[in-house]
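All figures in this text were calculated on a predicted structure; none of them were measured in a lab.
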Amino acid sequence: MAFTFRKQGQPRGLRVLAASSRRLDLSSKTEAKQLRALRQGWQADAWNYRDSIGELRYAIQFLANAAARMKLFVACEAQGGEDDEPKPLAEMVGIPEQAVSVAAQAMIDFSHGRMDLMGIMETLSTNISVAGECFVLGRQDPESGEETWSIRSLDEVSLKDDKYELREIPDGPQGIIPWVTLDPETTVISRVWTPHPRFGLLADGPMRAMLSDNESLTIMRRMIRSDSRSRTGRGLLLVPDEVSIKVPEDDNEDPQADPFFGALTQALMEPIGDEGVASSVTPIVIRGPAEALKEMRHLTLAQPYEEAAAKVREELIGIIATSFDLPKEVIMGVADLNHWTAWAVDDNTFRHHIEPHVIKLCSALTGAYLRPYLIANGVPKEWARRMVFWYDPTELVTHPDQTKDALELHDRLVLSDEAMLKVAGFPDTDRSEERRVGKECRSRW
């Protein structure tokens with residue numbers, strides 16, 4: 001079933017609560033001006049810090065990977081909201097078959113398989129975490145009629161002469177990759193954002209409160225890098241005039257050059273060029289009066305930035321964890337959470353930190369895509385209002401091993417064979433023949 005793009009004057013999609021979404025009218029110049037006014041300066045700074053601070057990027061990518069591991073499906077909220085979570089459509093009583101069919105087609109049209117959907121969720125999560133808003137872009141090929149949906153950042157969708165254009169790289173001086181003008185007849189754009197609690201049309205995000213801390217960390221790291229590359233970081237070598245250095249060969253022909261430092265420089269640089277020379281393992285011999293040698297000393301000018309840097313990094317990790325509502329141990333890579341090949345989190349981490357973020361993403365896609373799709377394809381509004389994108393976190397969340405407790409309960413005849421096998425992760429077909437025969441005998445009695 002093809003998606004019917006909303007024409008000008010048709011009603012917009014229903015709103016959702018966790019994140020706001022609005023379908024844009026690409027032919028409205030007034031709306032284009034309003035969209036420009038909603039851009040905020042901190043969003044560009046947030047992207048720069050995300051690209052330059054490793055700890056920050058890790059926290060953002062952690063949430064993005066968690067979101068990508070969700071299995072999305074269309075669910076339905078109970079009438080009146082008496083249940084805590086939406087239920088799969090198969091468990092709903094009285095839902096029209098047409099609504100179920102349209103919802104299934106909506107999932108097919110939105111992504112070309114699981115990998116495509118994972119990429120959409122990852123990109124959406126990153127944009128919401130960094131800038132607090134982005135665009136859901138739907139484009140229809142005018143020749144084949146094939147639809148493609150993607151998540152685009154604020155910088156990828158640009159307004160030029162009141163026309164929407166798509167750019168996928170920054171502006172180039174030669175214009176090698178030109179901007180693509182988006183046709184209002186074959187394009188759908190929805191703005192999704194996390195509303196600021198003070199001004200609801202403005203986007204909000206954790207990065208907004210971290211800009212000054214990120215700037216402090218960047219300045220500190222630049223100071224450390226500058227100090228490590230500067231000659232003043234090596235200090236001053238105080239040498240009396242009475243001392244001299246002895247080297248096997250002295251080919252310094254410049255009478256104005258300092259013979260001591262010329263020879264010292266040669267002795268220090270020679271092992272760098274050739275590690276096999278004898279001077280790489282033998283000490284440098286300096287001769288002079290005993291009193292003059294006592295006056296030789298090294299004066300250090302370097303600042304103790306290393307200790308300060310370690311403290312600042314520790315503070316930054318705490319700030320990032322607090323701002324993104326993540327446990328500090330997650331960012332530091334504790335408890336095997338740094339092993340991406342064995343990627344999983346426990347129930348507490350998911351429920352208290354990741355789930356609210358995932359619900360926000362599901363809410364954004366529901367308002368930007370699902371509900372307009374359902375209404376445009378004839379699903380009654382009373383059902384479209386209740387249908388949402390929902391998630392299954394099975395692949396992400398690891399549950400505590402209850403095998404030992406299950407064995408004890410099974411030995412006390414409290415837990416059945418079926419429950420014991422289920423907890424241990426084995427199918428009923430793995431039951432031993434003796435237990436199977438015993439079960440059949442009990443059933444006859």
Side-chain angles (χ1 to χ4, degrees), residues 1-7 10-24 26 67-79 85-125 127-128 134-141 144-152 185-192 358-393:
M1 183 179 297
F3 180 76
T4 304
F5 293 95
R6 186 186 68 82
K7 303 297 184 181
Q10 291 181 348
R12 302 187 184 276
L14 299 173
R15 296 296 181 90
V16 285
L17 297 179
S20 291
S21 60
R22 190 178 76 177
R23 181 68 54 83
L24 301 180
L26 304 188
R69 296 296 296 271
M70 298 295 105
K71 285 186 175 180
L72 288 192
F73 61 93
V74 180
C76 188
E77 295 178 327
Q79 188 69 32
E85 294 185 357
K87 294 182 178 179
L89 300 185
E91 300 179 8
M92 295 299 297
V93 178
I95 185 171
E97 293 184 4
Q98 178 206 14
V100 177
S101 176
V102 172
Q105 189 62 41
M107 290 294 300
I108 296 174
D109 291 345
F110 187 59
S111 62
H112 301 286
R114 177 71 190 282
M115 296 299 295
D116 189 25
L117 188 58
M118 290 177 67
I120 289 176
M121 290 294 289
E122 180 179 355
T123 308
L124 177 61
S125 172
N127 277 271
I128 292 297
C134 58
F135 297 104
V136 179
L137 174 65
R139 301 177 66 189
Q140 188 177 50
D141 190 303
S144 64
E146 183 181 1
E147 302 167 9
T148 57
W149 292 86
S150 60
I151 306 299
R152 299 292 180 172
E185 295 297 324
T186 59
T187 305
V188 166
I189 302 179
S190 293
R191 177 191 179 228
V192 296
V358 173
I359 292 176
K360 185 187 301 181
L361 303 184
C362 291
S363 175
L365 293 179
T366 297
Y369 170 79
L370 179 62
R371 285 178 177 169
Y373 186 106
L374 297 175
I375 294 175
N377 286 277
V379 176
K381 288 187 177 181
E382 60 269 19
W383 283 103
R385 188 186 302 273
R386 296 166 55 184
M387 297 172 71
V388 297
F389 273 126
W390 206 240
Y391 59 92
D392 179 4

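Counting only residues at least two apart or on different chains, the salt bridge (charged side-chain N to carboxylate O under 4.0 Å, His left out) pairs with a member in residues 111-121 are R114-E395.
For Y369 (side chain) and A106 (main-chain N/O), a donor-acceptor pair under 3.5 Å exists by modelled atom type. At least one donor-acceptor pair closer than 3.5 Å links the side chain of R23 to the backbone N or O of A368. One N or O on the side chain of T366 and one on the backbone of C362 form a donor-acceptor pair closer than 3.5 Å.
R69 places none of its side-chain heavy atoms less than 4.5 Å from the side chain of P393. Residues V74 and L374 fail the side-chain proximity criterion, which asks for heavy atoms closer than 4.5 Å. When side chains are defined from C-beta on, L361 does not count as touching Y391, because their heavy atoms never get closer than 4.5 Å. Between C134 and L124 there is a side-chain heavy-atom pair separated by less than 4.5 Å.
Distance CZ/F389 to CG/L72: 6.5 Å, rounded to 0.5 Å. Here the straight-line distance linking atom OG1 of T123 with atom CD1 of I128 works out to 11.5 Å at 0.5 Å rounding. If you take CZ on F110 and CD on Q105, they are separated by 14.0 Å, rounding to the nearest 0.5 Å. Separation of atoms CD (E97) and CG (L89) is listed at 12.5 Å; rounding is to 0.5 Å. Taken to the nearest 0.5 Å, the CZ atom of R371 stands 13.5 Å off from the CH2 atom of W383. Note that CD1 of I151 is 12.0 Å distant from CD of E122, once rounded to the nearest 0.5 Å.
Of all the heavy atoms in C76 and M92, the pair that sits closest is CB-CG, 3.7 Å. Here the shortest heavy-atom pairing between E85 and W390 reads OE1-NE1, 4.0 Å.
Atom CD of E382 has more than 12 neighbouring heavy atoms from other residues, nucleotides or ligands inside a 6.0 Å radius.
Residues meeting the side-chain hydrogen bond (donor to acceptor under 3.5 Å, both in side chains) test with S111, sequence neighbours left out: none. Not counting sequence neighbours, the partners of A99 by the side-chain contact (heavy atoms from CB on, under 4.5 Å) test are I95, P96, V379, M387. For D392, the side-chain hydrogen bond (donor to acceptor under 3.5 Å, both in side chains) test picks out T394, with sequence neighbours left out. Remark: E91 engages K87, P88 in a side-chain contact (heavy atoms from CB on, under 4.5 Å) (not counting sequence neighbours). Legend: residues meeting side-chain hydrogen bond (donor to acceptor under 3.5 Å, both in side chains) with R152, ordered by chain and number and at least two apart, are S150, E156, E168.
The closest side-chain donor-acceptor pair between R139 and T187, if any, does not fall under 3.5 angstrom.
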*Given W149 and V188, is the side-chain contact (heavy atoms from CB on, under 4.5 Å) satisfied, shown in steps?*
CA-CA 9 Å; W149 292 86; V188 166; 4.1 Å; yes

